[in-house]
Q: 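Pasting in a structure now, in structure tokens, and then I'll have a few things to ask.
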Amino acid sequence: MTDTLVILPGDGIGPEIVAEAEKVLDWLKSNAGLEIEVEHDLIGGQAYDAYGHPFTDETLARCKSAKAILMGSVGGPKWDGVDYALRPEAGLLRARKELNLFANLRPALVFDALVDASSLKPEIVKGLDILIVRELTGGVYFGEPRGIEDLGNGERRGVNTQVYTTSEIKRIGAVAFDLARKRSNRVTSCEKANVMESGKLWREDITALHTTEFSDVQLEHMYADNCAMQLCRNPRQFDVIVTDNLFGDILSDEAAMLTGSLGMLPSASLGEVGKTGLYEPVHGSAPDIAGQNKANPLATILSLSMALRYSLERATLADMVEAAVQDVLNSGTRTADIMADNCREVGTDAMGDAVVKALENLA
Ligand code: NAD
């Protein structure tokens, strides 16, 4: 049976950037032997306007039976007055929850041509290629008890609970070890085992999993605060970093900024092995530039490349797409957000065309 990819363009710049990723997809189908069924549906504000809900049961069912989802972005001022439960962003949260997407993958890849866009010195980030694997459905963002309590004496108390079980730790650990085997075979596991019991358990469970199933992978443990420091000092020491929801939120944003540009950052959210994966750029719907042919589509094209690698098992095609993006950047073709001296500024559509042209040259 042919695999299905569901495309959810979403709001703002979503439809523009996804259209460029579809050009790449069409090229791969026509010229590189990619066999895939493509279906389109709505998410976010578009879905709210059409169906009165940002992620309907019908869309969920379609996504569940697909191999992968490629999404643009959701949200925008048009829906600011809508009830929180029906906001565009609530649609995305529902998708993540219902599809049990517990592993968030954020690569931080520095392309040679963009090495000057980083806030760190070129010699520190040149050639950087790390992958942060963040646990996405547990930890302090979901733990109970939580809330703000009135203590009655003019004092209030805010509570959140950091909580992880062995099965939650081991399933995210397995994702990280498995991915490391497809990369440089090294995992750094981050927590605060020195001051938190949940961190101590995390370290023990990751160690046990490593011993029983992944002893071929090199494992290092690091306190999360040290990891934050090491990411600035010497980021190339890392291959795969695995961490919890809270530390992952912070460390993945820090790592992302090492690359310098929001328009270049793809992401993936994965569930159990073999189930639907969701692929989307890290950035939002950029209402300020929507409809102006200014958005950088490369984060979405690189998200498609992650889908090829991690859900569709077409790593060679993923390599090809990444090489095409590299060639386009080396040729000096840039959207406004990554524009530099002596480069040629192009719009969203011309950037997509340039990637397709680069694929033709590579073939
Ligand atoms: P944003 O990422 O949309 O935009 C931040 C800045 O980056 C803007 O100046 C924008 O023009 C620029 N930018 C973003 N993507 C770009 C691209 N591909 N090319 C060039 N420039 C780009 O963040 P925001 O302004 O805080 O949020 C706008 C809306 O997006 C909000 O409704 C927010 O809730 C939503 N949002 C959605 C997601 C998602 O769909 N996963 C993520 C973040 C924000």
Side-chain angles (χ1 to χ4, degrees), residues 6-22 24 41-49 54-55 59 63 69-97 99 101 104-106 111 114 117 134 136 248-249 252-253 256-257 259-269 277-307 325 328-329 333-340 343 345-352 354-355:
V6 175
I7 295 191
L8 305 172
D11 310 317
I13 58 170
E16 297 169 63
I17 52 180
V18 162
E20 301 314 310
E22 283 202 71
V24 171
D41 211 328
L42 303 180
I43 190 170
Q46 300 282 328
Y48 176 79
D49 288 349
F55 192 70
T59 307
C63 288
I69 303 162
L70 180 66
M71 201 192 85
S73 47
V74 295
K78 182 178 176 194
W79 300 280
D80 276 354
V82 174
D83 190 63
Y84 268 104
L86 294 174
R87 285 261 181 101
E89 292 81 359
L92 179 56
L93 292 181
R94 176 165 194 230
R96 286 180 180 152
K97 183 161 179 280
L99 295 165
L101 302 173
N104 186 230
L105 277 51
R106 297 254 305 247
F111 290 97
L114 295 184
R134 166 188 171 193
L136 202 59
D249 194 358
S252 64
D253 270 9
M257 277 305 106
T259 71
S261 175
L262 201 52
M264 295 297 304
L265 298 169
S267 79
S269 302
L278 171 70
Y279 298 85
E280 56 173 325
V282 166
H283 61 72
S285 59
D288 53 332
I289 56 167
Q292 298 172 34
N293 197 31
K294 282 186 182 163
N296 184 348
L298 292 179
T300 315
I301 290 172
L302 292 170
S303 299
L304 171 64
S305 146
M306 289 187 83
V325 169
V328 168
L329 294 172
T333 304
R334 303 287 160 85
T335 42
D337 58 312
I338 50 172
M339 187 57 190
C343 289
E345 189 174 321
V346 297
T348 310
D349 53 359
M351 183 55 106
V355 176

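In each ligand, atom 1 is the first atom listed, and ligand 1 is the first ligand listed. Fair warning: this is a prediction, and the values are worked out from it, not measured in the lab.
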Q: Tell me the nearest of P77, S285, G75 to atom 29 (C) of ligand 1, using heavy-atom distances.
A: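 Looking at heavy atoms only, the winner is S285.
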Q: On a heavy-atom basis, I'd like to know which of G284, P297, P287 is closest to atom 28 (C) of ligand 1.
A: P287
Q: Do P54 and V74 come within less than 4.5 Å of each other through their side chains, counting heavy atoms only?
A: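 A side-chain contact is absent here, since even the closest heavy-atom pair is not under 4.5 Å.
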Q: When rounded to the nearest 0.5 angstrom, what is the spacing between OG in S261 and CD1 in I338?
A: 6.0 Å
Q: Which residue and non-hydrogen atom of the protein lie closest to atom 40 (O) of ligand 1, and at what distance in Å?
A: V74 N, 2.9 Å
Q: Can you find a pair of side-chain heavy atoms, one from V24 and one from S305, that are under 4.5 Å apart?
A: no
Q: Any protein heavy atom at under 4.0 Å, with atom 25 (O) of ligand 1 as the reference point?
A: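 Within 4.0 Å of atom 25 (O) of ligand 1, no protein heavy atoms are found.
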Q: If the cut-off is 4.0 Å to any non-hydrogen atom of S73, which atoms of ligand 1 fall inside it?
A: 40 (O)
Q: Which option wins on minimum heavy-atom distance to atom 22 (C) of ligand 1: D337, N296, I289?
A: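 It is I289 that holds the nearest heavy atom.
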Q: Between N293 (side chain) and D349 (backbone), is there a donor-acceptor pair under 3.5 Å?
A: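 Side chain of N293 to backbone of D349, a donor-acceptor pair under 3.5 Å: yes, one is there.
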Q: Have a look at K294, H283, M351 and point out the one with the heavy atom closest to atom 14 (C) of ligand 1.
A: H283
Q: List in chain and number order the residues that pass side chain to side chain donor-acceptor pair (under 3.5 Å) with S267, two or more places apart in sequence or in another chain; answer none if no residue qualifies.
A: none
Q: Near A295, which atoms of ligand 1 are under 4.0 Å from a heavy atom of that residue?
A: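 Atoms satisfying the 4.0 Å criterion: 19 (N).
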Q: Would you mind checking which non-hydrogen protein atom is closest to atom 13 (N) of ligand 1, with the distance to 0.1 Å?
A: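 In this structure, atom 13 (N) of ligand 1 has A286 CB, 4.0 Å as its nearest protein heavy atom.
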Q: Name the closest protein heavy atom to atom 32 (O) of ligand 1, giving the residue it belongs to and the distance to 0.1 Å.
A: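 Going by distance alone, atom 32 (O) of ligand 1 is nearest to E89 OE2, 3.0 Å.
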Q: Nearest 0.5 Å, what's the CG-CG distance between L114 and L329?
A: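 Taking CG in L114 and CG in L329, the distance rounds to 5.0 Å.
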Q: State whether the side chain of D11 and the backbone N or O of G76 hold a donor-acceptor pair below 3.5 Å, judged by distance alone.
A: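 No, because the side chain of D11 does not come within donor-acceptor range (under 3.5 Å) of the backbone of G76.
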Q: Side chain, backbone, both or neither: which applies to I13 and ligand 1 if a contact is any heavy-atom pair less than 4.0 Å apart?
A: side chain
Q: Can you tell me the protein heavy atom closest to atom 7 (O) of ligand 1 and the distance?
A: L262 CD2, 3.6 Å
Q: Applying the side chain to side chain contact (heavy atoms under 4.5 Å, CB included) test to I301, which of I17, V328, V18, V325 qualifies?
A: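 Output: one option passes, namely V325.
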Q: Among all protein heavy atoms, pick out the one at the shortest distance from atom 39 (C) of ligand 1; state its residue, atom name and that distance to 0.1 Å.
A: L92 CD2, 3.9 Å
Q: Can you name the residues that form a side chain to side chain donor-acceptor pair (under 3.5 Å) with D249, not counting sequence neighbours?
A: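 If we apply the side chain to side chain donor-acceptor pair (under 3.5 Å) test to D249, skipping adjacent residues, the hits are Y141.
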Q: To which protein heavy atom is atom 9 (O) of ligand 1 closest, and what is the distance rounded to 0.1 Å?
A: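 Nearest neighbour among protein heavy atoms for atom 9 (O) of ligand 1, to 0.1 Å: D288 OD2, 3.0 Å.
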Q: For atom 41 (N) of ligand 1, what is the nearest protein heavy atom, given as residue, atom name and distance?
A: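 Looking at atom 41 (N) of ligand 1, the protein heavy atom closest to it is E280 OE1, 3.2 Å.
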